[in-house]
Amino acid sequence: MDQRLSDALAFANYRLTLQAQRQNIQARTEAALLVSYQNAIFRADANIISFVDAHQRLSTNPLFVKDQSNNAILIENPAEFVAALVKAYDLAMQLEHQEQQKLKQARTTAKIVGL
């Protein structure tokens, strides 16, 4: 019975560590998605990238986008802005993918935390 209890505790510890590492990856990805532009902070996601790109191609009106603080910011150079958003998004997704692949390879608690 002691072996089964020990195995169950080891598995519970593994699952808890795995969940903590997944949350770590998510937090790092969220931080990587933040873009500082024109003294404002924006979160690079598919919605804002699509909106800025479409506005840039289809409209001659000034481009206003809400930042993380919910302030409307006039974007002076939409092409440069969308390029910065896409770059941040790509780098964040690469980081998340690489870290998830490392986590999938780890089969023990020690490997998950990098010991």
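Note that the coordinates shown come from a computational prediction; the quantities given were computed from them, not determined experimentally. Computed over heavy atoms, backbone and side chain alike; hydrogens, waters and symmetry mates excluded.
Cluster annotation: F42 is connected to M93 through the hydrophobic network of ILVMFWY side chains, with a link wherever side-chain heavy atoms come within less than 4.5 Å. There is no path of hydrophobic side-chain contacts, each under 4.5 Å, that joins I25 to L33. Both I49 and L63 are members of a single hydrophobic cluster when ILVMFWY side chains are connected at heavy-atom separations under 4.5 Å.
The closest donor-acceptor contact from the side chain of D2 to the backbone of L5 lies at 3.5 Å or more, if one exists at all.
In this structure, the side chains of Q19 and R22 come closer than 4.5 Å at one or more pairs of heavy atoms. Residues R43 and L34 are in side-chain contact: their nearest non-hydrogen atoms beyond the backbone lie under 4.5 Å apart.
Every residue was checked against the ring pair (Phe, Tyr, Trp, His ring centres under 6.0 Å) condition with F11, not counting sequence neighbours, and none meets it.
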Show me the side-chain donor-acceptor pairs of residues 50-61 shorter than 3.5 Å, one per line, residues at least two apart or across chains.
from : atom 1 : to  : atom 2 : distance (Å)
S50  : OG     : A46 : O      : 2.9
D53  : OD2    : R57 : NE     : 3.3
D53  : OD2    : R57 : NH2    : 3.4
S59  : OG     : N61 : N      : 3.0

Which pairs of donor and acceptor atoms, one on a side chain in residues 73-85, lie under 3.5 Å apart (sequence neighbours left out)?
from : atom 1 : to  : atom 2 : distance (Å)
N77  : OD1    : A79 : N      : 3.4
N77  : OD1    : E80 : N      : 3.2
E80  : OE1    : Y37 : OH     : 2.8

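The CD atom of Q101 lies 11.0 Å from the CD atom of E96; values are rounded to the nearest 0.5 Å. To the nearest 0.5 Å, atom OG1 of residue T17 and atom CG of residue L103 are 10.5 Å apart.
Atom CG of D7 has more than 12 neighbouring heavy atoms from other residues, nucleotides or ligands inside a 6.0 Å radius.
Side-chain contact check for D90 and Q94: no donor-acceptor pair (N or O, by modelled atom type) lies under 3.5 Å.
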Please assess Q21 against E99 for the test side-chain contact (heavy atoms from CB on, under 4.5 Å), listing each intermediate value before the final yes or no. CA-CA 9 Å; Q21 290 299 324; E99 293 299 317; over 6 Å; no
